[in-house]
Amino acid sequence: MMFERTVNKSKAWKKLEGHYKHIRKMQMRDMFAHDADRGLKFSVKLDDTLLLDYSKNRVTDKTMALLMNLAKERRLEDKIKAMFRGDKINITENRAVLHTALRNRDNHPIMVDGKDIMPEINAVFAKMKKFSEDVRYGKFKGHTGKKLTNIVNIGIGGSDLGPFMATEALKKYWMKGIHCSFISNIDGTACAEVLEKLDPETTLFIVASKTFTTIETLTNAKTCRKWLVDALGEPAVAKHFVALSTNTQKVKEFGINPENMFEFWDFVGGRYSMWSAIGLSIAIAVGMDNFEKMLEGASAMDKHFQTAPFEQNMPVILAMLGIWYNNFMGIHRYAVIPYDQYLQYLPAYLQQLDMESNGKFVDVNGEYIKYATGPVLFGGAGTNVQHSFFQLIHQGTETVPCDFIIPAISHNEIGDHHEILLANVLAQGEALMKGKTEKEAAEELKKAGKSKEEINFLKKFKSFSGNRPSNFLLLKKVDPYTLGALVALYEHKVFVQGIIWNIDSFDQMGVELGKQMALNILPELQNNIYDLKHDSSTNTLIKTIRSLRK
Ligand code: G6Q
């Protein structure tokens with residue numbers, strides 16, 4: 001078979017375009033009415049951990065078959081093998097993409113540049129285990145001999161969002177007496193608000209930065225270092241600062257002893273790094289055993305992704321549904337709604353994972369792309385969002401496919417709270433799918449005793465078009481294993497979409513741009529440079545800020 005370089009000119013793509021014309025008017029409520037097994041048929045399970053019910057999507061058997069055909073045509077199977085094998089699939093940075101090596105629980109050799117990377121990975125995990133236990137059980141103490149009970153992760157982007165999301169998700173597993181905080185934003189308020197509540201004698205700072213050159217993280221770390229040194233003196237740094245990085249030299253220059261450094265490697269991308277030393281705050285909060293359970297869960301998803309046929313493969317199914325909406329139905333957005341308070345930061349985490357990975361307009365051949373790539377992702381915790389942006393999701397002119405994530409069992413089974421929560425999420429999915437016709441709305445209004453005029457006026461406002469898609473990800477409980485599987489599921493989904501779109505999902509030139517540009521403007525704000533060479537808007541803003549700050 002000839003490999004068509006441009007995906008939207010390929011045979012499988014054209015077939016999907018043709019198929020869309022046939023099914024665009026089909027209603028999901030009819031699909032359910034005609035097929036009593038639809039719910040079961042369009043569901044996949046990963047053990048007892050995770051159930052994906054994707055039956056409330058605007059797809060038929062044929063749609064799914066054509067989507068899987070597209071995945072096969074793009075040689076997805078080979079690409080999956082290439083990633084797990086350690087091929088340098090991050091082509092713009094010439095790097096392997098091996099966050100999966102961190103979850104290689106059977107420890108088989110994985111080669112990068114002719115060297116097995118597993119011994120180094122295992123050595124760092126052993127160091128994390130010892131250190132996290134020493135902190136948890138008070139063996140590694142602060143400078144004045146007190147137990148370190150406040151853990152502060154200083155990092156941004158991939159060096160923040162993963163550990164922040166995961167420690168919050170696993171709050172129920174935190175050791176009693178240990179507390180984690182996160183400083184990411186360069187805004188001095190982020191630092192001030194955290195430090196205000198802390199005691200230097202009991203605080204451990206974890207400076208998390210892959211490059212150790214990120215201005216936000218280094219500035220925050222310097223401020224925290226000064227705060228500590230002012231209180232306890234310079235020698236205290238050795239007992240209150242550790243670094244997570246790939247850059248030993250820069251860590252030394254910052255004044256952290258490399259013995260207090262936990263290493264990771266170029267083959268672990270920032271937004272894929274919570275499984276590495278970047279997860280040290282997670283390991284201290286919940287214990288290395290639980291951290292390893294998280295790796296186990298991710299590993300189970302890795303295996304599923306590598307071995308399940310595409311038709312039964314959760315990441316592939318989620319990814320191809322996303323492709324269906326994005327590229328064939330013109331829906332360039334989706335929402336992730338966890339119905340679990342502990343997962344409230346998951347949407348922010350996934351926003352980076354998805355939008356930083358697939359927000360690209362050049363393909364791997366270096367050509368500008370003429371089809372849609374990464375969608376806009378947003379979200380928030382249910383039921384809160386039902387009382388905010390759900391209006392648009394039910395009745396707006398834009399369709400927003402939703403992923404609903406819900407545990408069957410809550411960590412806090414208080415009264416009937418959890419049953420009410422469950423009822424809400426189920427009702428949302430059903431309502432979005434079914435909608436409410438004008439006739440149904442009129443009947444309801446009649447039952448409520450409204451007059452004919454009122455019914456005629458209100459029935460449109462009270463109707464819902466329905467046919468609005470959602471996926472259900474049902475978990476047994478939010479525990480370390482399930483969290484690992486869930487996050488790996490989305491990682492692989494994003495990977496599959498990158499393969500279909502033929503892009504490098506593992507660089508982030510847009511983020512690099514921001515880092516450079518701010519450095520150019522900084523001296524212009526700090527000094528009275530008159531010869532400003534920006535556009536007239538930026539020049540005026542710089543001048544106004546300077547005069548306001550005088
Ligand atoms: C993630 C991105 C980006 C990165 C931050 C922090 O994939 O590369 O979010 O994680 O810019 O970078 P450092 O870890 O190097 O400080």
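Counting starts at 1 for both ligands and their atoms, in listed order.
Ring-plane geometry between Tyr368 and Phe361 is classed as perpendicular, the angle between the planes exceeding 60 degrees on a 0 to 90 degree scale with a lower cut at 30. Ring geometry for Phe291 against Phe125 counts as perpendicular: the plane angle is over 60°, on a 0 to 90° scale with 30° as the lower cut. Relative ring orientation between Phe506 and Tyr272 is described as tilted, the plane-to-plane angle lying within the 30° to 60° band.
Among Arg105, Lys303, Arg103, the single residue meeting the salt bridge (charged side-chain N to carboxylate O under 4.0 Å, His left out) criterion with Glu296 is Arg105.
Given atom 11 (O) of ligand 1, the protein heavy atom at minimum distance is Lys515 NZ, 3.0 Å. Atom 3 (C) of ligand 1 has as its closest protein heavy atom Glu356 OE2, 3.6 Å. For atom 10 (O) of ligand 1, the closest non-hydrogen atom of the protein is Gly158 N, 2.9 Å. Scanning the protein heavy atoms around atom 5 (C) of ligand 1, the nearest turns out to be Ile156 O, 3.5 Å. At the top of the distance list for atom 15 (O) of ligand 1, counting protein heavy atoms only, stands Thr211 OG1, 2.6 Å.
Atom NZ of Lys127 is surrounded by more than 12 heavy atoms from other residues, nucleotides or ligands within 6.0 Å.
Backbone and side-chain nitrogen or oxygen atoms of Ser209 are examined, and one is located within less than 3.5 angstrom of a nitrogen or oxygen of ligand 1.
Proximity to Gly270 (heavy-atom distance under 4.0 Å) selects the following atoms of ligand 1: 1 (C), 7 (O), 10 (O). Heavy-atom contacts of Thr214 reach the following atoms of ligand 1: 12 (O), 13 (P), 15 (O), 16 (O) (cutoff under 4.0 Å). Listed by atom number, the atoms of ligand 1 under 4.0 Å from Ser159 heavy atoms are 10 (O), 13 (P), 14 (O).
Ion pair Asp354/Arg271 not flagged as a salt bridge, since none of the NZ, NE, NH1 or NH2 atoms sits closer than 4.0 Å to an Asp/Glu carboxylate oxygen.
In this structure, Lys493 forms a cation-pi arrangement with Tyr334, its terminal cationic atom sitting closer than 6.0 Å to the ring centre and no more than 45° off the ring axis.
Close to ligand 1: Gln352, with a non-hydrogen atom less than 4.0 angstrom away.
At least one donor-acceptor pair closer than 3.5 Å links the side chain of Asn313 to the backbone N or O of Phe305.
Residue Arg271 touches ligand 1 through backbone and side chain together, judged by heavy-atom distances below 4.0 Å.
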